[in-house]
Amino acid sequence: MRYSKLFLPTLKEMPAEAEVISHKLMLRAGMIRKLASGIYSYLPMGLRALRRVEAIVREEMNRAGAQEVLLPMVQPAELWRETGRWNKYGRELLRLEDRHDRDFCLGPTHEEVITDLVRKEIRSYRDLPINLYQIQAKFRDERRPRFGLMRGREFVMKDAYSFDADEDGLHDTYQAMYKAYCRIFERCGLEFRPVEADTGSIGGHASHEFMVLADTGEDTVACCTRCDYAANVELAPVTPDRHEGQPVKAESMEKLREVATPGRRRIDEVTAFLDVGPERLIKTLIFVTEDGPVAALVRGDHDLNEVKLKRALGVEESRLADEKTVMDLTGAPVGFVGPVGLAGNIRVVGDYAVGSLSNFIVGANRKDAHLVGANWGRDLPLPELYDLRTITPADPCPRCGGPIELKKGIEVGHVFKLGTSYSQAMGATFLDARGRERPLVMGCYGIGIGRTVAAAIEQNHDEHGIRFPMPIAPFQVIITIINIKDGEMVSAAENLYRVLEDRGLDVLIDDRKERAGVKFKDADLIGIPIRVTVGKKIKESGEVEIKSRTDGTVFIVPSDQASDKIKELCS
RNA sequence: CGGGACGUGGCUCAGUCUGGUAGAGCACAGCGUUCGGGACGCUGGGGUCGUGGGUUCAAAUCCCUCCGUCCCGACCA
């Protein structure tokens, strides 16, 4: 490709709208442009990188036995009504009507469509297992799109859906997908970790997320520094302390008394005012669920984990109660709510760690007042105890007891064992070897293609621009002609360009009428892994300069040996 | 959805507080010099100041409406 003919508008200055580095660089390097919030156009450079990732994904999916299909993006509402998701999915589902006022939606995911397809075509266990995938744009009307391609509303995703005859079959398919995902992200040159993940409201049996480790990640991963345990913090269980739940002797109990805490609502305000540590306090958080309101108790220095709370309560919906609801339920404004005297009115649950507290401090359910010296049994009943808090680096690894480290990650892939929830809801069945009708056992497997490109940039850049890993680079080689008016330089560069293209490399030749500095800056910005400079050395000694964008290594080689060296560096 | 910020040539921004002839740099076009790390000089084109309304002799500037964008939070495969 000739740079002079390429639609590659690079930006010298930082775009005002971008915050994170991958977003800034993708805009500056002319890869993407925004059309609307969370909706982006891919320009040639961006599309090339996207296609590279897609090609790797295709190869590995095909190798793992999956077959590519392409499903419609516009989907009829009836399918979504069958699974109940037409109502459950909420406002993220972009709904539309056709000219006959029939309801449709833009597909945010394709379980319904694929299950419909398979239930109509697959009748026998002899046709199983089957694993179908597609690479296609998804639309999710996110509440808050951000960070460019990292969380867009329209985004390119590879989604695969597997159908097995039984759980064992699903297990094998799941393992094959897991391994394929590892290969995909390894081949993309990413530092990643597969982590145990929450199965969410779908209620599957197992799930792993593939996290690219980067500070800008929106997820937090708990990693053991001793064994290979890694899990999303939403999920990572906290091992209860040995002392938790032990009764306190009556004689060591302080007297329960109410103290005035005017205006002190937050934990840090109360602890500062009373001059005690946050571990002496119990936070009382009121949630509203489909089964009614719930009070959840965690220690002042711990964070409540809503995923764990939902699981402990066995509910699907939960949200923090608003100010008015809290007032109606407890008689106190937010910040002064406590569990004493609450048990009769609403369900109270507590984290294991609150069970071992004695002489603790809680809100008094009265404005500007807290209770000091509270104790289980005497002042209030011990609530149902669960693992409700988010793991911290102070907690041991749930598997080996080793030290835990928290890291930020970008979720680029997710694999799920779905089981039979969709197939049962939609009547997707097959006949087994004994002629019995049974529901298909499903799995689903997603990869955010655009997000993978963005994540690769998050991990591979410097102050000058992108440093694309070779396997996903838009071009492998850029040839920089120092002076376009110098016939000797041009013919040497053109010659090398032809040779490299003939040898199957993707080459960009910078034949623009620009000064050398401009060309170097652009080459660094767009991150082509290998830069070949054809300059004055070609005239003096017949040599060219080959520079690695990845590590900065420079090779000066005679021009007739350049293609061998470049080929070697590209492999 | 709650909180905050912003919206002025293609881009980055100044001008708004204190109303009075729309600016700079970059980019773009032409000419000249320069030519291995985003050159310089001269000339030139390009802006309904997000939208609608209001106040005023006069609005980019003050007031209100709506729209859009970004950030934090909530929420979320």
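Every chain is numbered from 1 and lettered A, B, ... according to where its sequence line falls, protein lines coming before strand lines. Just so you know, these numbers come straight off a predicted model, no measurement behind them.
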If you count heavy atoms of other groups shown closer than 6.0 angstrom to CG of A:D215, is the number above 12?
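Incorrect, the count does not exceed 12.
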
If I take atom [atom1] in residue [X] and atom [atom2] in nucleotide [N], what distance separates them, rounded to the nearest angstrom?
X: A:I481; N: B:G37; atom1: CD1; atom2: C1'; answer: 17 Å
X: A:K513; N: B:A39; atom1: NZ; atom2: P; answer: 16 Å
X: A:K521; N: B:G36; atom1: NZ; atom2: P; answer: 15 Å
X: A:D524; N: B:G36; atom1: CG; atom2: P; answer: 16 Å
X: A:I482; N: B:G36; atom1: CD1; atom2: C1'; answer: 5 Å
X: A:H23; N: B:U69; atom1: NE2; atom2: P; answer: 12 Å
X: A:E463; N: B:G38; atom1: CD; atom2: C1'; answer: 15 Å
X: A:L149; N: B:C70; atom1: CG; atom2: P; answer: 13 Å

Would you classify [X] as touching base, sugar-phosphate or nothing, given that sugar-phosphate means primed atoms plus P, OP1 and OP2, and contacts are heavy atoms under 4.0 Å?
X: A:K485; answer: base
X: A:P108; answer: nothing
X: A:A18; answer: nothing
X: A:T480; answer: nothing
X: A:R531; answer: base
X: A:R451; answer: nothing
X: A:T109; answer: nothing
X: A:F147; answer: sugar-phosphate

The side chain to side chain donor-acceptor pair (under 3.5 Å) partners of A:N483 (sequence neighbours excluded) come to none

Only counting residues at least two apart or in another chain, list the ones meeting ring-ring contact (aromatic ring centres under 6.0 Å, His included) with A:Y40.
A:H23

With nearest nucleotides of RNA chain B determined for A:G535 and A:I447 from heavy-atom distances, which residue corresponds to the more 5′ nucleotide?
A:G535

For RNA chain B, whose closest nucleotide is more 5', that of A:H464 or that of A:R91?
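Result: A:R91.
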
Hey, what do you get for CD1 (A:I346) to OG1 (A:T289), rounding to the nearest 0.5 Å?
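So the gap between those two atoms works out to 10.0 Å.
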
At what distance, to the nearest 0.5 angstrom, does CG of A:L25 lie from CD of A:E458?
8.5 Å

Do A:I482 and A:M489 come within less than 4.5 Å of each other through their side chains, counting heavy atoms only?
yes

In chain order, what residues pass the side chain to side chain contact (heavy atoms under 4.5 Å, CB included) check against A:F155, with sequence neighbours excluded?
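In terms of side chain to side chain contact (heavy atoms under 4.5 Å, CB included), with neighbours along the sequence ignored, A:F155 is linked to A:K138, A:R140, A:M157.
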
Does any donor-acceptor pair link the side chain of A:N483 with the base of B:G36 at a separation under 3.5 Å?
no

Report yes if the distance between the aromatic ring centroids of A:Y161 and A:F416 is under 6.0 Å, otherwise no.
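Ring-ring flag for A:Y161/A:F416: false, centres at least 6.0 Å apart.
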
Could you measure between the two C1' atoms, the one in B:U61 and the one in B:G54, and give it in whole Å?
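Straight-line distance between the two C1' atoms is 15 Å.
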
Could you list the protein-to-nucleotides 43-46 of chain B atom pairs, N/O on both sides, closer than 3.5 Å?
none

Could you pull out the protein-nucleic contacts involving nucleotides 74-76 of chain B (nitrogen or oxygen on both sides, under 3.5 Å)?
residue, atom, partner, partner atom, Å
B:C75, OP1, A:E306, OE1, 2.2
B:C75, OP1, A:E306, OE2, 3.2
B:C76, OP1, A:K310, NZ, 2.9
B:C76, O2', A:E92, OE2, 3.1
B:C76, O2, A:R151, NH1, 3.2

Please enumerate all protein N or O atoms sitting under 3.5 Å from an N or O of nucleotides 26-29 of chain B, with distances to 0.1 Å.
residue, atom, partner, partner atom, Å
B:C26, O3', A:K12, NZ, 3.4
B:A27, OP1, A:K12, NZ, 3.4

State which of B:U69, B:G38, B:C71 makes the closest approach to the side chain of A:S37.
B:U69

